[in-house]
2 protein chains.
Amino acid sequence: MKPSVVTIEPSFCKDCSIRGSSVCSALDASELRQFEHLGRRAQFAPCETVFSEEDIATSYFNVLDGVMRLYKLLPDGRRQIVGFALPGDFLGMNISGRHNFSADAIGAVAVCQFAKAPFGRFIEDRPHLLRRINELAIRELSQARDHMVLLGRRSAEEKVATFLLSWRERLIPLHGPSNTVALPMSRQDIADYLGLTIETVSRTFTKLERDGVIEIIHGGISLLDPARAEALAAA
Amino acid sequence: MKPSVVTIEPSFCKDCSIRGSSVCSALDASELRQFEHLGRRAQFAPCETVFSEEDIATSYFNVLDGVMRLYKLLPDGRRQIVGFALPGDFLGMNISGRHNFSADAIGAVAVCQFAKAPFGRFIEDRPHLLRRINELAIRELSQARDHMVLLGRRSAEEKVATFLLSWRERLIPLHGPSNTVALPMSRQDIADYLGLTIETVSRTFTKLERDGVIEIIHGGISLLDPARAEALAAA
DNA sequence: GCCCAAAATTGATCTGGGTCAACTGGCTTT
DNA sequence: AAAGCCAGTTGACCCAGATCAATTTTGGGC
């Protein structure tokens, strides 16, 4: 784990890569110029922790680049990854004043960080921004429920197939549609996301490859038979 | 499944039992009087479906009385209960325009039903209400993540102990604190909530009773040894 | 009260995925 | 290029919880 590099540099929202897909899509050009002064760019090195569960939440984060793992730990060390955050995702919403999960960078990550208080004041008289945030929360809630079904009621093979397809789906806005699916997270991360062990994930990947559904490539997979993968994921 | 009885009766928000715990807590007395005209009381008989996944969402619901099960089905019939709704809970938020889970009454249920459009217009210029709704969504999101940990990483005994404790917790605002915990839902419901089978739930209840942690009583359980239950749930 | 159906419990057995352990193959370091 | 080190894979075995199959209990209707 390398030391973190935090760069404070002038950042222009209008040039931002995630402008349009994140919370900021709710803002018009003039608001955006004010908004600019609220955010501060920050970089996180691979494996660096951005915030931890139970930490006082002092900031909101907009992911600009890279992938983060969001997880909760049980006292004995068992881990459940509750999601992966990609560019455009907005983190830090909570009601208790504390984060309710931990987040760390998988590869290098860049975020736009907003101090809680000024951000709160900015929202105060901009209900359209609040509506946008609400929209994001409701979308996440829907995803969370889908994931509950996966965790509670699906077999290992269904879990892996579903994960690969939905991950591919999430990468479309970033890389365009492709059957080559980059998997920046480790097998252990995938296991902890799907409620499996690393061995079962590995075996299931191998099985899917043997069955001609995927090809395991360096840093990801190639989806050879999307239709069959869909069938495995649906049933 | 008896036929539904829908009663449209004059209902007064100020006298409402859940006034203060639901969305409406964000409204002042004068707003409440206007709000009154938006809602319509409806009753649902035991086992009756309030709405189904993929239905066009035309209403929001405020649970007034009774308990609902919220669930998703896989094509082959496997079911995952994603939550139970109690008085004060607000249902119907979504972004797709369709419900993303099904909901049915467990016992008799009374709700306050709001047509989507007028409710949306009412929120429009009342950001404090929107903030309240956002708060509820974020709280649910946090609960959903806790439940993911349970589904993905906990043993059967831990699941059941955790469920009993958190259900007891949820009943406090309704019945006051008590070691007697009413369980209006069936064993099958509990199983589908915890990602287990009905047999495993039944066996685990029996084991907890044999161990002196709970006593199984009619329509629920009595928590004999809360400390031990906490220990089972935490580890 | 008695009857019937549904819900819950209990027992016997099976199995998907976990556990434990060994091995492989890239990378990095020197 | 040798050594060391992880991340990932594979194999052998095991067990928590699923499945299958009876009971037993509960509750509602008459």
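Letters A, B, ... mirror the listed sequences (proteins, then strands); counts begin at 1. Because the structure is a prediction, the values reported are computed rather than measured.
Within 4.0 Å (heavy atoms only), S186(A) reaches sugar-phosphate atoms of the nucleic acid but no base atom.
A sub-4.0 Å separation between OP1 or OP2 of dC27(C) and a side-chain N or O of H218(A) is present.
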- For side-chain hydrogen bond (donor to acceptor under 3.5 Å, both in side chains), just list the numbers for E157(A) and T204(A), CA-CA rounded to whole Å, side-chain angles, deciding distance to a tenth of an Å, and then say yes or no. CA-CA 6 Å; E157(A) 194 173 35; T204(A) 308; over 6 Å; no
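When the C1' atoms of four end pairs are superposed on the next four at each end of the helix from dG1(C)-dC30(D) to dT30(C)-dA1(D), using five pairs per end, the two resulting axes differ in direction by 50°, to 10°.
Closest to the side chain of T206(B), out of dT10(C), dT10(D), dT9(C), is dT10(C).
Side-chain polar atoms of S52(A) and T49(A) form no donor-acceptor pair below 3.5 angstrom. Under 3.5 Å, the side chains of N179(B) and S222(B) contain no donor-acceptor pair of N or O atoms.
Ring centroids of Y71(A) and F101(A) are separated by 6.0 Å or more, keeping the two rings apart.
Remark: I106(B) CD1 to L86(B) CG distance equals 9.0 Å, nearest 0.5 Å. Put simply, CG on D225(A) and CG on L208(A) are 10.5 Å apart, with the number rounded to the nearest 0.5 Å.
If you measure from atom CE of M185(B) to atom C1' of dA6(C), you get 19 Å, rounded to the nearest angstrom. Counting to the nearest Å, the C1' atom of dT9(C) and the CZ atom of F205(B) are 12 Å from each other. When the P atom of dA7(C) is taken as reference, atom CD1 of I216(B) falls 18 Å away, rounded to whole Å. Rounded to a whole Å, the CG atom of L151(B) is 13 Å from the P atom of dG17(D). If you measure from atom CZ of R79(B) to atom C1' of dA18(D), you get 17 Å, rounded to the nearest angstrom. Whole-Å rounding puts the E209(B) CD to dA8(C) P distance at 15 Å. Distance R210(B) CZ to dT10(C) C1': 11 Å, rounded to the nearest Å. As a whole-Å value, the separation of I198(B) CD1 from dT23(D) P is 18 Å.
Under the 30°/60° scheme for interplanar angles, the aromatic rings of H99(A) and F61(A) are found to be tilted.
Evaluated for a side chain to side chain contact (heavy atoms under 4.5 Å, CB included) with R145(A), the options E53(B), E140(B), Q80(B) yield exactly one hit, E140(B).
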- Would you give a per-nucleotide map of nucleotides 17-24 of chain C, 5' to 3', where B means the base has a protein non-hydrogen atom under 4.0 Å away, S means only the sugar-phosphate does, and - means neither? SSBB----
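A 4.5 Å side-chain heavy-atom check between D89(A) and R170(A) finds at least one atom pair inside the cut-off.
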